[in-house]
2 protein chains.
Amino acid sequence: MRPSSGYKEFKRQIDALKADICREIYLQNKERIRVKNEDVAVARLSAIFDHTLEISNRLGFQAMSVRDLSEHSGISMGALYSYIESKDKLLEMILCMGRMAVTRVMTQAAAEPLDARNQLRQLLRAHLYLTEAMQPWFYFSYMETKHFDREARERALEGELASERYFSDCLLRGSAEGVFEVRDPELTAAMIKPLLQDWYLKRWKYRRRNIGVEAYADALIEFLEAALLKRPAPTVPAPP
Amino acid sequence: MRPSSGYKEFKRQIDALKADICREIYLQNKERIRVKNEDVAVARLSAIFDHTLEISNRLGFQAMSVRDLSEHSGISMGALYSYIESKDKLLEMILCMGRMAVTRVMTQAAAEPLDARNQLRQLLRAHLYLTEAMQPWFYFSYMETKHFDREARERALEGELASERYFSDCLLRGSAEGVFEVRDPELTAAMIKPLLQDWYLKRWKYRRRNIGVEAYADALIEFLEAALLKRPAPTVPAPP
DNA sequence: GTCTATACAACGATAGAC
DNA sequence: GTCTATCGTTGTATAGAC
């Protein structure tokens with residue numbers, strides 16, 4: 001799972017990871033799922049997740065009726081309810097899937113021993129590539145926060161802060177090593193986040209400019225390094 | 001409407017502007033609104049808008065029932081429908097209100113004759129202060145795009161591009177004047193936008209750090225100028 | 001394991017008394 | 001100009017045949 005080897009390879013690994021995670025989710029909810037053939041259940045479950053994300057990101061999760069989901073996924077109402085228990089529980093399973101993916105990918109990306117500058121690059125690329133590969137999930141979990149219950153909301157917040165911490169830690173280390181010049185690493189990390197999120201939230205903006213994920217990653221890295229790398233004072237003096 | 005004179009004064013002017021706009025909206029929809037006393041109608045309409053934003057930003061517009069709105073605003077179902085015609089039309093009126101505010105504020109902010117660096121600062125402040133003063137509207141119009149009809153969606157997209165253009169024009173001019181160093185002004189403007197939006201989308205993040213709108217504006221300006229101002233090459237060479 | 005048919009609650013919108 | 005009562009529709013979830 002090394003983003004430095006290019007998006008295509010990364011995407012292949014993410015797809016495998018997703019399949020693993022779906023199986024884990026099935027096992028976690030085995031008691032509640034009435035379908036006992038593991039392979040059938042995992043495949044169906046994965047399809048249900050995909051269709052839910054597709055419809056929800058078009059109409060909203062609230063607006064998606066279970067009938068809609070039944071029609072789009074080609075599974076009858078009755079059969080659907082032998083996989084999902086309830087609409088709320090479906091939401092919960094979907095969120096769980098994404099959280100597991102994020103945790104694994106970001107943990108791995110942060111674990112490699114790199115100097116601060118290259119680690120920042122690695123973290124940025126890992127985040128962008130992951131959100132590209134699982135764009136529907138990230139868009140969903142950003143836009144549907146309102147419909148989460150208390151626990152899911154807290155977990156989402158926790159995740160947001162955890163991912164900022166990867167960046168603030170890296171900035172802090174880079175500052176100490178004299179590579180970066182950052183007054184407030186936490187605030188800067190808080191400003192890096194929306195730049196990463198823009199990629200999966202406003203895709204049309206970049207698609208219409210023909211910018212792919214690797215080009216965006218390059219542009220973002222260039223932009224951030226211009227702001228963060230230690231350097232002499234600017235040539236233009238501050239205005240009065 | 002000069003953001004340079006501080007948020008407090010700016011906020012005062014926005015409140016006055018909002019009242020004007022509500023009256024205009026009433027006049028625009030006079031035929032459809034059964035209540036004919038102008039002052040009563042404008043006041044009620046404004047309250048209906050505020051409560052709609054409050055509830056929608058908590059539960060989602062789709063999830064907000066008209067009954068909820070009726071209860072929270074203290075107006076009966078029957079009376080409500082003598083102001084709003086339909087739930088969809090209510091959405092439309094609310095969007096119209098915000099669009100008018102954005103257009104007026106940003107036009108004015110861009111009109112002042114300033115050098116590129118100060119104009120960038122002025123545009124950033126105007127945007128941040130406006131979105132602070134009307135946070136519920138901006139949050140709403142970002143999060144509820146899915147529920148817009150075709151026309152409202154197109155207008156929202158148009159607005160997004162228009163506001164990016166203010167920034168790309170300014171960057172382009174600054175590049176020509178030798179103040180900024182920007183390879184791709186459009187892409188850079190596209191990256192400034194999410195930094196502005198983060199302010200009204202993730203308020204809790206900044207509130208918990210005790211950062212107000214003026215402090216955020218200062219930090220953003222510092223961050224952007226570090227990345228954009230023309231300067232000598234960085235001291236740290238690019239890694240292999 | 002999957003289907004069709006249906007129960008029951010909540011929604012947007014309106015009618016008609018005051 | 002405002003209210004209460006009610007209509008028809010749509011949503012989630014389940015029962016029971018296959």
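Per chain, numbering begins at 1; letters A, B, ... match sequence-line order.
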Exceeds 12 heavy-atom contacts within 6.0 angstrom, atom CZ of R2(A): no
Regarding R34(A), tell me which of base, sugar-phosphate or nothing describes its non-hydrogen contacts under 4.0 Å with the strands shown. sugar-phosphate
Whole angstrom is fine here: how far is it from CG in L69(B) over to C1' in dA10(C)? 16 Å
Would you mind reading off the distance between Q62(B) atom CD and dT10(D) atom C1', rounded to a whole angstrom? 11 Å
Pair E132(B) + R203(B): basic N to acidic O under 4.0 Å: yes
So what does S76(B) touch, heavy atoms closer than 4.0 Å: a base, only the sugar-phosphate, or nothing? base
Mind checking whether Y129(A) and F10(A) have ring centres under 6.0 Å apart? yes
Can you work out whether G78(B) or N37(A) has the more 5'-proximal nearest nucleotide on DNA chain C? N37(A)
State whether the number of non-hydrogen atoms from other residues, nucleotides or ligands found under 6.0 Å of K8(B) atom NZ is greater than 12. no
Taken to the nearest whole Å, NZ/K87(B) to P/dC11(C) is 9 Å
Checking all strands, does S82(A) fall into the base, sugar-phosphate, or nothing category for heavy-atom contacts under 4.0 angstrom? nothing
Please report, rounded to the nearest Å, how far the C1' atom of dA13(D) is from the CE atom of M77(A). 7 Å
Determine whether a donor-acceptor pair (one donor, one acceptor, N or O, separation below 3.5 Å) exists between the side chain of R67(A) and the base of dT10(D). no
Check the angle between the aromatic planes of F138(B) and H127(B) and answer parallel, tilted or perpendicular using the 30° and 60° thresholds. tilted
E38(B) CD to dG1(D) P, straight-line distance once rounded to whole Å: 13 Å
Send over the distance from R32(A) CZ to dT14(D) P, rounded to a whole Å. 14 Å
Candidates dC3(D), dC3(C), dT12(D) - which lies nearest the side chain of S65(A): dT12(D)
Which nucleotide wins on minimum distance to the side chain of A79(A), given the candidates dA13(C), dT2(C), dG1(D)? dT2(C)
Nearest-angstrom distance from the residue atom CG of L80(B) to P of dT2(D): 10 Å
Could you give the OH-to-C1' distance, from Y81(A) to dT6(C), as a whole number of Å? 14 Å
